[in-house]
Colleague: 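Please find one structure pasted underneath; my questions will follow.
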Amino acid sequence: MALGRPAAALRNGVTTTGLRPLAPTPMQTHRLASGGFVDRSRPLPFVFDGRAMTGLAGDTLASALLANGVRLVGRSFKYHRPRGILSAGSEEPNALVELRAGARREPNTRATGIELFDGLVAESQNRWPSLHFDMLAINAWFSPFIKAGFYYKTFMWPASLWENLYEPLIRRAAGLGRAAGEEDPDHYEKAFAFCDVLVVGSGPAGLAAALAAGRGGARVILCEEDFALGGRLLSERKEVDGVEGHVWAARAVAELQSMPEVRILPRSTVFGAYDHGTYGAVERVADHLSVPPGHLPRQRGWRIVAKRCVLASGAIERPMVFAGNDLPGVMLAGAVRSYLNRFAVAPGRRAVVYTSGDDGWRTLVDLARAGVEVAALVDTRPAVDESLIALARSHDVRTVLGAEVLRARGFQSLAAVEIGASDGRIERIACDLLAMSNGWNPALHLTAHLGGRPRWDDSLAAFVPGTVPSGMAVAGAAAGKLALAEALADGVRLGSEAAAACGFAGPAIPVAAETERTGSAPLWRAPKRGANKAFVDLQNDVTVADVALAHREGFRAVEHLKRYTTLGMATDQGKTSNLPGLAIMAALSGRTIPEVGATVFRPPYTPVAIGALAGHHRGKDFRPTRRSPVHAWAQARGAVFVEAGLWLRQQYFPRAGERDWLETVKREVATVRGGVGLCDVSTLGKIDIQGADAAEFLERVYVNGWKSLAIGRARYGLMLREDGFVLDDGTTSRLGEEHFVMTTTTASAAKVMQHLEFCRQVLWPELDVQMTPVTEQWAQLAVAGPRSREALRAVVDNAHDLSNEAFPYLAAGEVTVGGGVPARLFRISFSGELAYELAVPASFGEAAAEAIMAAGAPFGIAPYGTEALSAMRIEKGHVAGNELNGQTTARDLGLGGMMSTKKDFVGRLMAKRSALVDPDRPMLAGFRPVRLSDRLRAGAHFLPLGAPASAEHDEGHMTSAAFSPTLGSWIGLGLIRRGAERVGERVRALDPVRGGDVEVEICSPVFVDPAGERLRG
Amino acid sequence: MRYSAFAIVREALRGNRHWAPVWREPEPKPAYDIIIVGGGGHGLATAYYLAKEHGYANVAVLEKGYLGSGNVGRNTTIVRSNYLLPGNLPFYEWSMKLWEGLERDINYNAMVSQRGVLNLYHSDAQRDAFARRGNAMRLHGVDAELLGRDEVRRLVPFLDFENGRFPIQGGLRQPRGGTVRHDAVAWGYARAADRRGVDLIQNCEVTGLTIEAGRIVGVETTRGAIRAKKVGVAVAGSSSRVAAMAGLRLPIESHVLQAFASEALKPLIDTVVTFGAGHFYISQSDKGGLVFGGDIDGYNSYAWRGNLPIIEDVMECAMAIWPGLGRLRVLRHWGGLMDMSMDGSPIIDRTPIHGLFLNAGWCYGGFKATPASGWCFAHLIATGEPHPHAAAYRLDRFATGAVIDEKGAGAQPNLH
Amino acid sequence: MLPAGRRPDDRGTGITIEPRDDLGFAAVVARKGRAEELRKTLFSGHAVEAPVRPALARGRELDLVWNGPERWLAISSDRAIAARLSGELGRLAAICDQSDALAILRIAGPKARAVLAKGCPIDLHPRAFRPGDAALTAIAHVGLHLWQVDEAPTFELAIPSSMAGSFARWLSASMSEFGAKPLEGEKSL
Amino acid sequence: MRIPCPHCGERDVQEFSYLGDAGVVRPEGSDASIAAMHDYVHLRDNPAGPHRELWYHAAGCHAWLVVTRDTRTHAILSAESARAAGLARRVAVGAGEA
Ligand SMILES: Cc1cc2nc3c(=O)[nH]c(=O)nc-3n(C[C@H](O)[C@H](O)[C@H](O)COP(=O)(O)OP(=O)(O)OC[C@H]3O[C@@H](n4cnc5c(N)ncnc54)[C@H](O)[C@@H]3O)c2cc1C
Ligand SMILES: NC(=O)c1ccc[n+]([C@@H]2O[C@H](COP(=O)([O-])OP(=O)(O)OC[C@H]3O[C@@H](n4cnc5c(N)ncnc54)[C@H](O)[C@@H]3O)[C@@H](O)[C@H]2O)c1
Ligand SMILES: Cc1cc2nc3c(=O)[nH]c(=O)nc-3n(C[C@H](O)[C@H](O)[C@H](O)COP(=O)(O)O)c2cc1C
Ligand SMILES: [Zn+2]
C-alpha cells in the first residue's frame, strides 16, 4: 500500500496534461466489491493532474479519487500544506480543484460536489511546480512570522514599495485557483417559481415534509443540492418503515414524482432567503455533462416565491482540533460512512475512529463491515454506554476511552496518530485514516439570512435556529433533531402544517424508524502542543495559535476574531471551522460559547456562479434594444447607429467617398440648411394628455403658461424638479380643448412619465387628467430645410393647407397622408430651419419616410442623423441633454424669463433659493474659437485669459461643441459665470485631459438666424 | 508596541507571546471633554486627529457594537478623488493625500494600494462629461487621464470590447486612486487613537443626548450617562436616529447598499474598474477575492441586507462588461446602512444645538473620505470653525440651494 | 435570434408561437368620475364587462383588458378601433390609438408556462392564473401586458414594438430547451 | 420583497420604483414659503420602524402606492392607492377647514 507516499508521489508528479506521458491508469484500488449507489457497469474515465483514472457513474470526483487511492488533492492557502478530502459534502474546506480546462476552467470547485462525468479533467491548485512538490510549502517554515494579521504590522516603508513589491508578492501567493481568463462560453438562464411549500433538502426530514405537503395537494418544490435524493439515508445503514433507508427514500421520491403539483429540483442549492418568502436557488442543469448541449443552459438561477418553507438542510459534522489535523487521511466520520455506504469506497486501509459522541461508533461498524481494519476507537468520554462497548467488542475493535488524539503524523498523508490517554501515557497508532466526530451543527444558515440569530442549545452543544424568517419552519437535523425517527416525524409534522397553512390539509403519515443513540460531549479543548499546526480553519490556514494571538491582541469580539484571523472567510465560510474557533476563543477569554456568539450568516449558502445570477442578460442581451419604427429603412440607407439610452438612433448616413464622419455631417447639415433633410425623431417621448383639467395640469408641471395656448398650436415647455432645477423640456401641442400631446427628450421619457403620474395621482388627485404614453404608436419624422414645405406637400393629403398663413410656425394639427392615413403635423424646428415634424402610425413610418424621400428628391433631400441634428441645434443655441444635466436652472440656460410669476408650478419656490439666483452662477453662452481653425471640445473649462490653470480661476465649462458647416468653424455652447453679460470677451477653453487650450470668444448662443426668420418663413 | 518588520521577527522568535492588545478596553469615565458617537472610520479618525492635531486627550469614542462594525467594515474599499464639483474636490484630494501618508503616520499597514481607478464611458456625451470631470480634477491639481478605447484595452484586455450592448469607448482614469483594506483603517485609527489616550468604548450605544438650555452636556448610553463638553456624531446610517434625539430632522434617508466578494483567485485584475452604463464596480482584494458592488437597493432600510433584484442587476452588469466572470462564484454578499443625503454629498457642520456637531450624509462614498473627514471634523469640533476643505458641507445648503449635486439627480437620495 | 452556441433541442417541441398583426388596439382611460358610466356604455355598446381587476373580458367586436385603475386596452379585429371608440366614448374616456405600438405574440402549448417562467415574475400556475386573467409586468426587462386565452394553455403577450426584437431573442433562447425554432427577426442585434 | 399592489396583487419589488416618505405634504398655493418647501423637499424623519412611503408600480399598473413598511424588518403592514389616499386627505383637510 503506497497511498500518496513521497516516492510514489514524486514519480507521478505530473502536472500538465499532454506534456508528459500519462502515468498508467491505476486501478480503483479502494473500491469496495459491492454495495453503494454507483453503477459498476458505467465506468467513467477522468483525469486528475494529468493522471488518467476511472471512476463510476454515481461518483463524485472526491469519491472517484479516493477509489483510485488518491489522497493528496490540494495545497492550503497560506502555508501550502498538503491537503486531502475532509468531508463528503458542500462543507468541504480542502479538496478544491480547478475543474475543466480552457475557457471552461472553474477554480475552487469542491471535489466533493462534482458529479463525475465522462472525460472530466481537473487539476489541483495553489501549488508550484506540482502538487507533490510545492515550492511555497516553504511558507510553513515561516509560519511564526506570518501569523494572523502580520501584514498589518509591516511593509509600511517606503510607501511606493507596497504597490511595486510587497503587494504583488502577497497577491501572487494568495488566492486559490486560477480563473479561465476568457469569456465564459456557456449560457445561463433565470427562472421564477411559485409554490405553497418549498422544501429545502431531500433527506428523511425533507422527503417526509414534501410527502406530507404533497399528499395534501399543496404545490411543493423540493430542492436538493446533491444529484442524488435521500440525504443521509444514502450514507447511513438505517431502516425506515422496515426497509433500508435508501429504499424508503427511493419510494418517497417515486411517489413525489407521481404528484402533478410537486416539482423536484435535484442539483439545486437554495442559496439564500430573502424578504417575503423569496428564495434564491441555483440549479446546475448541465454541470454533470462535459459540455452543456446547445438547448440547455449550464445553470439556472431561480427566484422561488414560497408561501411556506420547510428547511430540512440537515447538519454538518464538526471536526476535532489537534496538531496535524489537516493531513490527508483525517476525515469526518460521517463522510467516511458516506464513502463506504454510498460510494462503495474505502477511504483507507487501517483506520482509527476518534469521537466524542455515540455517532462515531456507527462508523466503526460500517468500517468493519467494509473490511477496513479498525486499529482503535478513541472516545474522549471516560465512560460510554455498555451497548457501544459491546458493539466494538463484537467487531473486535480495541476501544480507548477518556483519551484524546494529540497529533497526527505523516508526510503528505496520515501515517499515524498519537493518542494521549487519561493517565498521561502517549501511544502511537499507525493508521492511514482517522474518522473523527465531534458532534453536529444544524445547517441553519438560511434561518439567519434575514437577520435571525441562532440560539445556543446546551443539550446539543450547538447553535440551533433561533428566530426564523416568517413562513419558515425547520425540520430534522437542521433543527437539532438528529435521530432519524425524530427527523422523519418532524418532517411529516412541519410538512403538513405548512400545507395546511396554505389550505391543504392532508392525511397523517406515520413513518417508523429505529431509535438510535445520539449522545455527545464535544471536545472543545485543543491539545497544548502543536498549536501552530492545529488547524481551526483548514482552508484559510487559521491555527489555534492564530486564535490565541487574536485574543492576546484584543480581537476578542467574535467578528474581530473572524476578520483578524480570516477564520470562516474562505470558500466554505467556516462550515466546519467556525464553532471550533469560537470554542477556543471562549476558553481563552473565560466566556461561554454563546457569550462569544456566532458571526453573521450571509448568503449564499454555497458560492454561486455570477453567470447564473445574470442569466440571459449579457452581451447584446444585457438590456433590450429599442429600435425606431424606421430602423430597417435607415439601415438600408446606410445609417450608422448610436446608443441613446436603450434606443438605437441614426447617427449619420455616410456616402461612398466620404472620408470621415465629419465630412458626412457637414454634407448633411448643408443639405438641410440649403434644401431639405429628413431625420427620424421617433425616439422622443410622447405623452397624450387629456381631460377637463389638462391645461391646468400643464400649468402646474411646466414653468410657463398653457391655458392661453390655442387649439392647433404648439409651445416649447420647460419642466423643473421640485428642487428648482430643470427636469426636461419639449414641445407640447394642443389638439383640442381638452387634448394635448407632450414630447419629452429621448433620455427622460420614462422619468418624466413617472413624474407626471406622481403629480397627477399624488399631488393633485382631484384633477380630471388622463395620460397615455404614445411613443411607440408614432413614427415621427422631422422634415427640415427651406424646401421642406415643398417636399411635404407631396406627402400630406391635399385637403390640408400647408401655406405659411394656414399652417404657420408652431402650428400643430391632425392631417392625413398618403391618401387617408391619419397623421399629425407639427411645425416645430430644432434645426432653426423651416421645418415640420410629421407623425404617422408606426407601421406607416417606413412608407412615409420613403414617400418624403421621393418627394424631396428634386430638392436634393438626404436623411440626416443625430450628429447633424446636434450641430444644427448648437448653431441655433437650443439646449439639450448636455445642458439639461440636472445641475442647471432655467435661469442658467437663459430661460428664466419663461418662469411664470402668476401661477404655482413644480419647482417654483425652490428655484428662488439664494444660491439658485446668484448672479455669479454660470450661464449659457455661445463660444467660438478666436483662431478659426481651432477645435472646440465639450468638457473644456473656461478660465480668464492669462490666468493660471487652477481651480480658483475656473469659470465654467463647455457643454456642447460641434463643427458648424454654416459658420465654417467649431462652435460651442457653455456655461460661464455671468455669461450673458460677457459677450465679446475672450477666455481660455482649457482641456488638459485632451491637451486642448483654445482662446475663445464669448458670443450669443444663437449662431444662426438669431431673428428666427428662417423657421417662420 | 511599535509595528515593524523587526518587531515581527523579534516577537516570532519569542513565540508570538508578547504582542500587546491593539487597544485598551476601558470603562467609560463619568465625563469627557469630547465624545465622538460612532466607532466607524470617521469617528475613530476624528478622535485620532483631535488627539494628535489638537492636543485633546480626554476624548471617548462610543460605539454601539464592535469597532468597525458599520460601513467602514463592509465597503468595497475604493478610494479616489475623481470628483467634479469644487465643493468636493479639495476635500477628497486632501483625503487622498492623507491616505498616501497614513500608514507611516499611524504605524499600521492599511494596504493603501494606488492601483488606479478607471471609470468606463460608453458614449460621446459621457466622454465629454468625463472630460469635464477630468479637467476639473486637473485644475484642482488632481491626477486624471482620459483614455481612448485602445488605451483601456491595454489596461484591462479581458473586458468585452466586441459584443457589449453599450460598447466601451474609453475611460477616465485616476492613477492615484485605488483601494485600502477596510478593516485595517478602523483598526489602525483605533490603535493610534488609543495610544494617544482616547478611550474606545465598545458595546456602548448612545440612547439619548442630554441638552440643557440649547447646549449639549452629555449623552445617555446603554452603559450609563456620560457628561461631555462637546459631542460629535459620526454614525453614518444611524444619523437620523441620533439626530432625532436632539429633535433634529436631517436631509438624509438610510438605504441599504450591498456588496459582494467572490471566492479567492490568483491575480486577475489589478485596478479598479467601474461600468459607465450601469451600476457596477470591481476590484480584487489582496487575498484574491473579487470585491464588487452596484446600486443601492433603493428604499429606506435599517435591515443591513438587501434583496435579489439588485443582486441580479449587479451580476448582469458584471457579465455585461466582463463575460469572463460567468463561472466565478459569489462567495458572500452583505449590506451596509447608507446615510443618503439629498444631494449625494456629505455634511460636516455645527447643529442648532451648541456643542453638538454632525458628520453625516456620506452615501456610498464615505470610505475614501475617512482621513479627511476625521481631519476636518476634528478641526470643526476643536476650533468651532469649519475646515476650509470642508467648508461647503453645510447643513443649511439645502435651504440656500448651495447644494453639491455631482450627478444632477436632485433631491432624491435613491438616485444619488 | 439565438445567442451564439445555442440551438434548439431537436427532439421536438411543446410550444407554438404565433405573431398576430391583424389587431387594432386602443387605450381607453376613464375621465374623472366617469368610470362606471363608461363601463355601462361599453357594456351596452359592445356587450363587454370592462374588468375592474387584471383580467380580459370578451365582447362584441371588442375585448377589453384591464390596463390599470380605470383604464383598459381595447382589442379588436378593427384596426381603426381607436377612432370608432373616440366617437362612441369621447365624453367618458380618453382614447388613444395603440394599434402600432404593440406587437402581439401568442404562445401556446404544454411548455408555454415553463418558457414564460424563465422571465415572467408572475405565477401562471392554473391555480393562480386562469383563462381570462391578465397582468401588466416585465419580462427580460421588457414591460408588457399578458393574458391567458385558454387552458391549452395559450397566452397572448402585448409587447412594445420597439423592443419586440430583443424580446424575441430572449424567447428564442428560452424556448430552445423545448425544441422550438428561434423566431425570425432582426438579424443585426 | 413582495409588494401587495392593491390593483395587481402581490408583485416582486423589481416592478416598482421608490420615492420615499409619503408623510410629507407638498405646501400648495402661492403663499407657501421657501422654508416650508425646503422642509417638504429635503427633511425626513427616516424612522427605524414603520414607514409610510411612496412606491410606483412602474412595470405594472402605473399606480402610485402608499406602502407602510417596517424599515428594520421590511415587513409590509399595508399598501393602498396613493391617489385614493390623496383624495381622502383632501376631503379630510376640506372638512377641517369648514
Ligand atoms: C456596501 C458598501 C460599499 C461601499 N463602498 C465604498 C467605496 O468603495 N468607497 C467609499 O469611499 N465608500 C464606500 N462606502 C461608503 C463608506 O463605507 C461609508 O460612507 C463610510 O464608511 C461611513 O463612515 P463611517 O466609517 O464612520 O461609518 P460606520 O462605519 O458605519 O460608522 C458608524 C458607527 O456608528 C455606530 N453607531 C450608530 N449609532 C450609534 C449609537 N446610537 N451609539 C453608538 N454608536 C452608534 C455604528 O455602529 C457604526 O459603527 C460603501 C458602503 C457600503 C455599505
Ligand atoms: N445520529 C446522529 O448523531 C446524527 C447526526 C446528524 C445527522 N443524522 C442523520 O441525518 C439525518 C437527518 O435528516 P435530515 O433530513 O434532517 O438531513 P439530511 O442531512 O439527511 O438531509 C439534508 C439534505 O439537505 C440538502 N441541503 C442542505 N442544504 C441545502 C440547500 N441550501 N439547498 C438544497 N439542498 C440542501 C443536503 O444536500 C442533504 O441532502 C437522519 O438520517 C439522521 O439520522 C444523525
Ligand atoms: C473588501 C471586503 C472583502 C471581503 N472579503 C471576504 C472574504 O474573502 N470572505 C468572506 O467570508 N467575507 C468577506 N467579506 C465580507 C465580510 O465577511 C462581511 O460579510 C462584511 O464585512 C459585512 O459584515 P457582516 O456580514 O458581519 O454584517 C469581505 C468584506 C469586504 C468589505
Ligand atoms: Zn399594480
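Note that these values count all heavy atoms, side chains included, but never hydrogens, waters or copies made by symmetry. Fair warning: this is a prediction, and the values are worked out from it, not measured in the lab.
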Colleague: Checking B:A303 against chain A: side chain, backbone, both or neither under 4.5 Å from a heavy atom?
Modeller: neither
Colleague: Any sub-3.5 Å donor-acceptor pair from B:N109's side-chain atoms to A:M156's backbone N or O?
Modeller: no
Colleague: Decide yes or no for A:E722 and B:Q412: does some side-chain heavy atom of the first lie under 4.5 Å from some side-chain heavy atom of the second?
Modeller: no
Colleague: With only heavy atoms counted, which part of A:R100 is less than 4.5 Å from chain B, the side chain, the backbone, both or neither?
Modeller: side chain
Colleague: Report yes if some heavy atom in the side chain of A:R563 is under 4.5 Å from a heavy atom in the side chain of B:W187; otherwise report no.
Modeller: yes
Colleague: Using the rule given for side-chain contact (heavy atoms from CB on, under 4.5 Å), can you reason through B:R115 versus A:E163, listing the C-alpha separation, both sets of side-chain angles and the distance that settles it, and then say yes or no?
Modeller: CA-CA 7 Å; B:R115 50 180 76 181; A:E163 285 89 354; 5.7 Å; no
Colleague: Of all the heavy-atom pairs spanning B:A125 and A:N882, show the shortest one and how long it is.
Modeller: CB-OD1, 4.2 Å
Colleague: Checking A:V642 against chain B: side chain, backbone, both or neither under 4.5 Å from a heavy atom?
Modeller: neither
Colleague: What part of B:N203 is in contact with chain A, defined as an atom under 4.5 angstrom from a non-hydrogen atom: side chain, backbone, both or neither?
Modeller: neither
Colleague: Return the option, out of B:E263, B:M342, B:R133, with the maximum number of heavy-atom pairs under 4.5 Å with chain A.
Modeller: B:E263
Colleague: According to the interplanar angle, ranging from 0 to 90°, do the rings of B:Y108 and A:Y152 count as parallel (below 30°), tilted (30 to 60°) or perpendicular (above 60°)?
Modeller: parallel
Colleague: Checking A:Y564 against chain B: side chain, backbone, both or neither under 4.5 Å from a heavy atom?
Modeller: both
Colleague: Between B:R191, B:R17, B:H140, B:E100, which shows the greatest number of heavy-atom pairs under 4.5 Å with chain A?
Modeller: B:R17
Colleague: Under 4.5 Å from any heavy atom of chain A, what part of B:L89 do you find: side chain, backbone, both or neither?
Modeller: neither
Colleague: Salt bridge or not for B:E25 and A:R556, using N-O below 4.0 Å?
Modeller: no
Colleague: So, the side chain of A:N108 versus the backbone of B:L265: is there a donor-acceptor pair under 3.5 Å, distance only?
Modeller: no
Colleague: Please classify the contact between B:N307 and chain A as side chain, backbone, both or neither, with a heavy-atom cut-off of under 4.5 Å.
Modeller: both
Colleague: Between B:G288, B:A411, B:A264, which residue shows the highest count of heavy-atom pairs closer than 4.5 Å to chain A?
Modeller: B:A264
Colleague: Measuring heavy-atom distances to chain B, does A:D275 have an atom under 4.5 Å in its side chain, in its backbone, in both, or in neither?
Modeller: both
Colleague: Between B:P267 and chain A, which part of the residue has a heavy atom less than 4.5 Å away: side chain, backbone, both or neither?
Modeller: both
Colleague: Considering only heavy atoms from C-beta outward, does the side chain of B:R305 approach that of A:R602 to under 4.5 Å?
Modeller: yes
Colleague: Is it true that a side-chain atom of B:K266 and a backbone atom of A:R172 form a donor plus acceptor pair closer than 3.5 Å?
Modeller: yes
Colleague: Strictly distance-based, threshold 3.5 Å: is any side-chain N or O of B:R165 a donor or acceptor partner for the main-chain N or O of A:R623?
Modeller: yes
Colleague: Check whether any side-chain heavy atom of A:D184 sits under 4.5 Å from a side-chain heavy atom of B:P323, and report yes or no.
Modeller: no
Colleague: Can you find a pair of side-chain heavy atoms, one from A:F725 and one from B:V403, that are under 4.5 Å apart?
Modeller: yes
Colleague: Quick one: which residue pairs count as a salt bridge (Lys or Arg N to Asp or Glu O under 4.0 Å) with a foot in residues 396-410 of chain B, not counting sequence neighbours?
Modeller: A:R721-B:D405, B:D343-B:R397, B:R394-B:D396
Colleague: Going through the distances and angles, do A:T154 and B:Y3 end up as a side-chain contact (heavy atoms from CB on, under 4.5 Å)?
Modeller: CA-CA 6 Å; A:T154 181; B:Y3 288 163; over 6 Å; no
Colleague: How about A:T109 and B:R329: does a side-chain donor come under 3.5 Å of a side-chain acceptor?
Modeller: yes
Colleague: Run B:E11 and A:K153 through side-chain contact (heavy atoms from CB on, under 4.5 Å) and show every step you take.
Modeller: CA-CA 12 Å; B:E11 294 310 318; A:K153 298 171 183 159; over 6 Å; no
Colleague: Let me confirm one number: the CZ-NE2 distance from B:R138 to A:H941, rounded to the nearest 0.5 Å.
Modeller: 11.5 Å
Colleague: Could you tell me whether a side-chain N or O of B:N16 sits under 3.5 Å from a main-chain N or O of A:P144, the two making a donor and an acceptor?
Modeller: yes
Colleague: Sort A:H449 into side chain, backbone, both or neither according to what part of it lies under 4.5 angstrom from a heavy atom of chain B.
Modeller: backbone
Colleague: Under a 4.5 Å heavy-atom cut-off, does chain B meet the side chain of A:A103, its backbone, both or neither?
Modeller: backbone
Colleague: If I measure from the heavy atoms of chain B, does A:Q539 come under 4.5 Å with its side chain, its backbone, both, or neither?
Modeller: neither
Colleague: Examine whether an atom of A:L96 lies under 4.5 Å from a heavy atom of chain B, and if so say whether it belongs to the side chain, the backbone or both; otherwise answer neither.
Modeller: neither
Colleague: Set out, in order, the CA-CA distance, both residues' side-chain angles and the distance that settles side-chain contact (heavy atoms from CB on, under 4.5 Å) for B:V330 and A:I610, then state yes or no.
Modeller: CA-CA 6 Å; B:V330 177; A:I610 290 171; 3.8 Å; yes
Colleague: Give a yes or no answer on whether the side chain of A:R178 reaches the backbone of B:L268 with a donor-acceptor pair at less than 3.5 Å.
Modeller: no
Colleague: Got A:H957 and B:D128 here, is their nearest side-chain heavy-atom distance under 4.5 Å?
Modeller: no
Colleague: Under 4.5 Å heavy-atom distance to chain A, tell me which part of B:A136 shows up: side chain, backbone, both or neither.
Modeller: both
Colleague: Tell me, for B:A261 versus chain A, whether the close heavy atoms (under 4.5 Å) come from the side chain, the backbone, both or neither.
Modeller: neither
Colleague: Taking C-beta and beyond as the side chain, do A:F155 and B:E103 meet within less than 4.5 Å on heavy atoms?
Modeller: no
Colleague: What part of B:S262 lies closer than 4.5 angstrom to a heavy atom of chain A: side chain, backbone, both or neither?
Modeller: neither
Colleague: Identify whether the distance between the nearest side-chain nitrogen and carboxylate oxygen of A:K620 and B:D160 falls below 4.0 Å.
Modeller: no
Colleague: Taking side chain as everything from C-beta outward and backbone as N, CA, C, O, which of these in A:L646 sits under 4.5 Å from a heavy atom of chain B? Side chain, backbone, both or neither.
Modeller: both
Colleague: Please classify the contact of B:L308 with chain A as side chain, backbone, both or neither, using a heavy-atom distance under 4.5 Å.
Modeller: both
Colleague: Could you tell me which portion of B:A129 (side chain, backbone, both or neither) has an atom closer than 4.5 angstrom to a non-hydrogen atom of chain A?
Modeller: neither
Colleague: Which answer fits A:L549, side chain, backbone, both or neither, if we ask what part of it has an atom under 4.5 Å from a heavy atom of chain B?
Modeller: side chain
Colleague: Against chain B, label A:E867 side chain, backbone, both or neither, depending on which of its atoms sit under 4.5 Å from a heavy atom there.
Modeller: side chain
Colleague: Heavy-atom distance under 4.5 Å to chain B: side chain of A:T571, backbone, both or neither?
Modeller: both
Colleague: Which answer fits B:S123, side chain, backbone, both or neither, if we ask what part of it has an atom under 4.5 Å from a heavy atom of chain A?
Modeller: neither
Colleague: Quick check: does any side chain N or O of B:R132 sit under 3.5 Å from a backbone N or O of A:A938, one acting as donor and the other as acceptor?
Modeller: no
Colleague: Could you look at A:R298 and say if it's the side chain, the backbone, both or neither that has a heavy atom under 4.5 Å from chain B?
Modeller: side chain
Colleague: Considering only heavy atoms, which portion of B:M137 lies under 4.5 Å from any heavy atom of chain A: side chain, backbone, both, or neither?
Modeller: neither
Colleague: Contact part of B:R181 toward chain A, heavy-atom cut-off under 4.5 Å: side chain, backbone, both or neither?
Modeller: side chain
Colleague: With a 4.5 angstrom heavy-atom cut-off, is it the side chain or the backbone of A:F142 that approaches chain B, or both, or neither?
Modeller: neither
Colleague: If we define contacts as heavy-atom pairs under 4.5 Å, which of B:E162, B:Q202, B:H333, B:M319 has the most with chain A?
Modeller: B:H333
Colleague: Is it possible for you to check whether A:K147 lies under 6.0 Å from the centre of the six-membered ring of B:W19, through NZ or CZ, and within 45° of that ring's axis?
Modeller: no
Colleague: Where does B:L84 contact chain A at under 4.5 Å (heavy atoms): side chain, backbone, both or neither?
Modeller: side chain
Colleague: Are any non-hydrogen side-chain atoms of A:V608 and B:M315 less than 4.5 angstrom apart?
Modeller: no
